[in-house]
Structures are given as structure tokens and as C-alpha cells.
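Below is one structure; the comments refer to it alone.
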Amino acid sequence: MQQAWLGILLLASLTVNAQSSTRFTLVCHPDRGGIALDTYLYVDPDNSTVNGDPATITDGEITWRRENSGSEFRYSVNRKTGAMSILGFNIKTGKALPEDNGTCISATEHN
């Protein structure tokens, strides 16, 4: 499970700015039980995608989903606070996976 999350997080990237429809990058820091991992998310408001996955992008929130290794993950980033949540479940059984939370900032603010 941890390897699947790491793979997803390593591939992740976001570009966001729905107001001007200009792509940009967010750096997110999911709470992975002591594992520090920067996740880059590329959001494209013109095409309504996050890392190429279909997304819903509003002034207040960015949401998208991704399937990986028999699980579905639903991501949400609050555009006002930077709060990130990741909900996952097993597609066959419907069993929920532990929820992950984190924070996201603009890549230009990242050192």
C-alpha cells in the first residue's frame, strides 16, 4: 500500500489558477506517517485536468480521482487554505483505505 501511495505521489503534479486560466504548479506535502515527500501537481484549468486526469476546478476547490492497482483515490485541495485530503478505497471490495491529509503551496513559494 505504501509503495502504491509513493508511486502515485511521485507522479502527482498540479497547475492551478482558474481565475486567469493560466497553468501553475503546486507543491503538496501529504502526511505519510513520517515520510517527507514533496508532490508536484500540475493543474490545467483550460482543460480541467490535474496531472492529465479529469478534474473539477473552482475558485474554492480542486478535485480529481485516479485509479491505481485495484484502488481508487479521490483527491481534494482547498484553494483558500491549501488543505489537501486523499480518500481511497478498494474497487472490488469497496473497503475504505486510511485517509491522508496534507498541505499544498504554490511552487514559487517552495524553497
Just how far is it from atom [atom1] of [X] to atom [atom2] of [Y], taken to the nearest 0.5 Å?
| X | Y | atom1 | atom2 | answer |
| --- | --- | --- | --- | --- |
| C28 | I86 | SG | CD1 | 8.5 Å |
| M84 | T39 | CE | OG1 | 6.0 Å |
| I105 | T25 | CD1 | OG1 | 12.0 Å |
| T103 | N78 | OG1 | CG | 12.0 Å |
| D46 | T22 | CG | OG1 | 7.5 Å |

Closest heavy-atom pair and its distance - [X], [Y]:
| X | Y | result |
| --- | --- | --- |
| N101 | S85 | OD1-CB, 3.5 Å |
| D59 | R79 | O-CB, 3.5 Å |
| I57 | S48 | CD1-CA, 4.0 Å |
| W64 | A55 | CB-CB, 3.8 Å |
| G88 | F73 | CA-CD2, 3.8 Å |
| H29 | V27 | CE1-CG1, 3.7 Å |

**Pairwise side-chain contact, D53 with R65, heavy-atom cut-off 4.5 Å (strictly under)** =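 Sidechains of R65 and D53: no contact.
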**Request:** Taking side chain to side chain donor-acceptor pair (under 3.5 Å) as the test, write out the residues that go with S76, two or more places apart.
**Result:**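 With neighbours one apart ignored, the set is E61.
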**Asked** Passes side chain to side chain contact (heavy atoms under 4.5 Å, CB included), R23 versus N47? Steps please.
**Response** CA-CA 10 Å; R23 293 177 289 158; N47 294 306; 6.0 Å; no
**Request:** Among V77, T58, V50, T56, find the one that has a side chain to side chain contact (heavy atoms under 4.5 Å, CB included) with T63.
**Result:**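 The option that passes is T56.
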